[in-house]
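Let me begin by presenting the structure, written as structure tokens, before commenting on it.
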2 protein chains.
Amino acid sequence: MRVIAANAGVSLSHAYYYFESKEDIVAQLLLNLRQEQLQLCQDLLDEGNTLESNIRIVLEAGVQCLAPYHEFGPPFLKVLLSGEHANEEVTRIELLMWELAVGGARPLPPLGIRRDLPRFLLLVARQIFTTWAFDQSSQQRRSHTLIKNLAPVVAKFAVLCRLPVVRSLFEDILALMDPRTSDIVEQDRAPRMALRKPKAS
Amino acid sequence: MRVIAANAGVSLSHAYYYFESKEDIVAQLLLNLRQEQLQLCQDLLDEGNTLESNIRIVLEAGVQCLAPYHEFGPPFLKVLLSGEHANEEVTRIELLMWELAVGGARPLPPLGIRRDLPRFLLLVARQIFTTWAFDQSSQQRRSHTLIKNLAPVVAKFAVLCRLPVVRSLFEDILALMDPRTSDIVEQDRAPRMALRKPKAS
DNA sequence: TTGGTTTTTTGAACGCGTTCAAAAAATGAT
DNA sequence: ATCATTTTTTGAACGCGTTCAAAAAACCAA
């Protein structure tokens, strides 16, 4: 904070006139970087690539924009997971990027999951982000490798969602991670879209 | 640290004679709690329940043991993800619990995944832990609900792994998160167990 | 016992994020 | 222009995790 204030040419305490806390500054920085990533993605996604390619583009743009601030990986993650600060805006931007990636992919993903796939990819991306945040390998090589290996798997999964069994797994996972699901307490939730009746019970 | 040192009846600086840092104390605490969870699980898992039931038992034992220290959720997570401190021991214990959960389940999970399922469950459990660490709902209600809803989904997934398509997804996911995968840099990894040949390269 | 060596323990200080009362500056009505 | 009010800016301090030189204690050969 002392360095930031000095660089801004104000006193230490004056920095708190503009920002609530250091974490708040980190949150703003993350927001700026996500906006930068969005701009980068908008330049790269408009060519009708495959879904796999688009997934890689978005993820790589992410680590590229954040790379100069990799030392703030853990604070970034904390801001994102703590659900405070301006992170609903960050989530909005992330979701928008995944909508572009899905909507611009050729061939288009199966119709049945097309609407929900962006939210699913958001979950996947959060997992990548977690890995990246604590990636101690040089140049975050591990994260890049993970992205490279993950993109085809997710794309394959999307295609397999044409099969009802796989599709129901997709729905289950999405329902689990949907925050609304956690609010249901009283009634037992029946499994959604049970494609195969359980033998008993 | 001042409070801990005072409670221990030593001076502040003397606490650093026994522990490297505050994070180190947190890591040791987490290890103790995992050992406690293991003991709890060993008492509850020896009855040949279903896999779903065992999954719930292990996860619930986890949140139960950690509940008194929920305020340390984020530091716990950081310790676990940063890969420092004594967390390979923590991982060992967690893996052991999942081996008990899988090996003691009746009916036994499909043979093809029986060996790898514990590692898969470890990944799932880490995700639950992440959710729990930042769970702001009262009594961590959200985490409990998530566990309740997740157990049947994972159990269902395990059964579906009898189908080759689903099984290959299982293998893919496990390979992705395996740290060894990230070390492969030079050669392009061919997709393992491709069940359906792509139409063109 | 002595004197030297190692282990244990401490007090004082540092850096960092944060707070707060109050000074300085800007603003606005009379 | 004057004074009251609000906005902007600051210096001094606090709490916390951490470090370190040095004191105190324990240990051990001579």
Side-chain angles (χ1 to χ4, degrees), chain A residues 1-35 65-91 129-130 132-136 140, chain B residues 1-35 65-91 129-130 132-136 140:
Chain A
M1 292 299 291
R2 282 164 174 84
V3 170
I4 290 172
N7 272 38
V10 300
S11 74
L12 168 62
S13 49
H14 193 45
Y16 289 86
Y17 188 75
Y18 296 103
F19 296 96
E20 266 193 8
S21 61
K22 186 181 181 182
E23 201 174 33
D24 191 31
I25 295 180
V26 170
Q28 287 291 2
L29 173 59
L30 180 61
L31 178 56
N32 291 350
L33 292 170
R34 283 297 185 219
Q35 284 163 343
C65 292
L66 297 193
Y69 305 93
H70 181 253
E71 53 177 322
F72 299 108
F76 279 155
L77 192 64
K78 186 168 184 183
V79 160
L80 212 51
L81 295 181
S82 67
E84 321 258 308
H85 302 284
N87 72 358
E88 59 293 325
E89 178 75 3
V90 170
T91 303
F129 187 75
T130 302
W132 174 86
F134 288 95
D135 187 352
Q136 291 304 316
Q140 295 85 249
Chain B
M1 292 299 291
R2 282 164 174 83
V3 169
I4 291 172
N7 272 39
V10 300
S11 74
L12 168 62
S13 48
H14 193 46
Y16 289 86
Y17 189 75
Y18 296 102
F19 296 96
E20 266 193 9
S21 60
K22 184 180 182 182
E23 202 174 32
D24 191 31
I25 297 180
V26 170
Q28 287 291 22
L29 173 59
L30 180 60
L31 178 56
N32 291 350
L33 292 171
R34 283 298 185 221
Q35 284 164 342
C65 292
L66 296 191
Y69 305 93
H70 181 253
E71 54 178 321
F72 299 108
F76 278 154
L77 191 64
K78 186 169 184 184
V79 160
L80 212 52
L81 295 180
S82 67
E84 321 259 308
H85 301 284
N87 71 359
E88 60 293 326
E89 178 74 4
V90 170
T91 303
F129 188 75
T130 303
W132 173 86
F134 288 95
D135 187 351
Q136 291 305 315
Q140 295 85 249

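Residue numbering restarts at 1 for every chain, and letters A, B, ... go by the order of the sequence lines. Predicted, not measured: the structure shown is a model, and the values here were computed from it.
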Could you please name the option among [options] that lies closest to any side-chain atom of [X]?
X     : options                : value
A:H14 : D:dT8, C:dT9, C:dG17   : D:dT8
B:L12 : D:dT10, D:dT18, C:dT10 : D:dT18
A:K22 : C:dT18, C:dT10, D:dG17 : C:dT18

**Report entry** Heavy atoms of other groups near A:E20 CD, more than 12 under 6.0 Å
**Finding:**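 Check fails, neighbour count at 12 or below.
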
Requested in this report: Specify the closest pair of heavy atoms between A:A5 and A:A15, including all atoms of both residues, with the distance to one decimal.
Outcome: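 Scanning both residues completely, I find the closest heavy atoms to be CB-CB, 4.4 Å.
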
Query - Nearest heavy-atom neighbours spanning A:N87 and A:V79 - result: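 Heavy atoms of A:N87 and A:V79 come nearest at ND2-O, 3.2 Å.
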
Requested in this report: Kindly say if B:Y18 contacts the phosphate of C:dT9, meaning a side-chain N or O under 4.0 Å from OP1 or OP2.
Outcome: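 Yes, B:Y18 has a side-chain N/O under 4.0 Å of OP1/OP2 on C:dT9.
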
Query raised in the report: Under 4.0 Å between a side-chain N/O of A:Y16 and OP1 or OP2 of C:dT18, yes or no?
Result: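 Checking A:Y16 against C:dT18: at least one side-chain N or O falls below 4.0 Å of OP1 or OP2.
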
Could you tell me how far apart [X] ([atom1]) and [N] ([atom2]) are, to the nearest whole angstrom?
X     : N      : atom1 : atom2 : result
A:Y17 : D:dT6  : OH    : P     : 13 Å
B:E23 : D:dC16 : CD    : P     : 18 Å
B:M1  : C:dA13 : CE    : P     : 20 Å
A:I25 : C:dC16 : CD1   : P     : 15 Å
A:I4  : C:dC16 : CD1   : C1'   : 12 Å

**Report entry** base_contact_polar (D:dG15 base, B:R2 side chain, donor-acceptor, <3.5 Å)
**Finding:**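 It does not, because no donor-acceptor pair links the side chain of B:R2 to the base of D:dG15 below 3.5 Å.
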
Requested in this report: Spell out yes or no: do the side chain of A:S13 and the base of D:dG11 have one donor N/O and one acceptor N/O closer than 3.5 Å?
Outcome: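 Answer yes: a donor N or O sits under 3.5 Å from an acceptor.
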
Requested in this report: Look at the side chain of B:H14 and the backbone N and O of B:G9, then say whether any donor-acceptor pair between them is shorter than 3.5 Å.
Outcome: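 Not a single qualifying donor-acceptor pair exists.
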
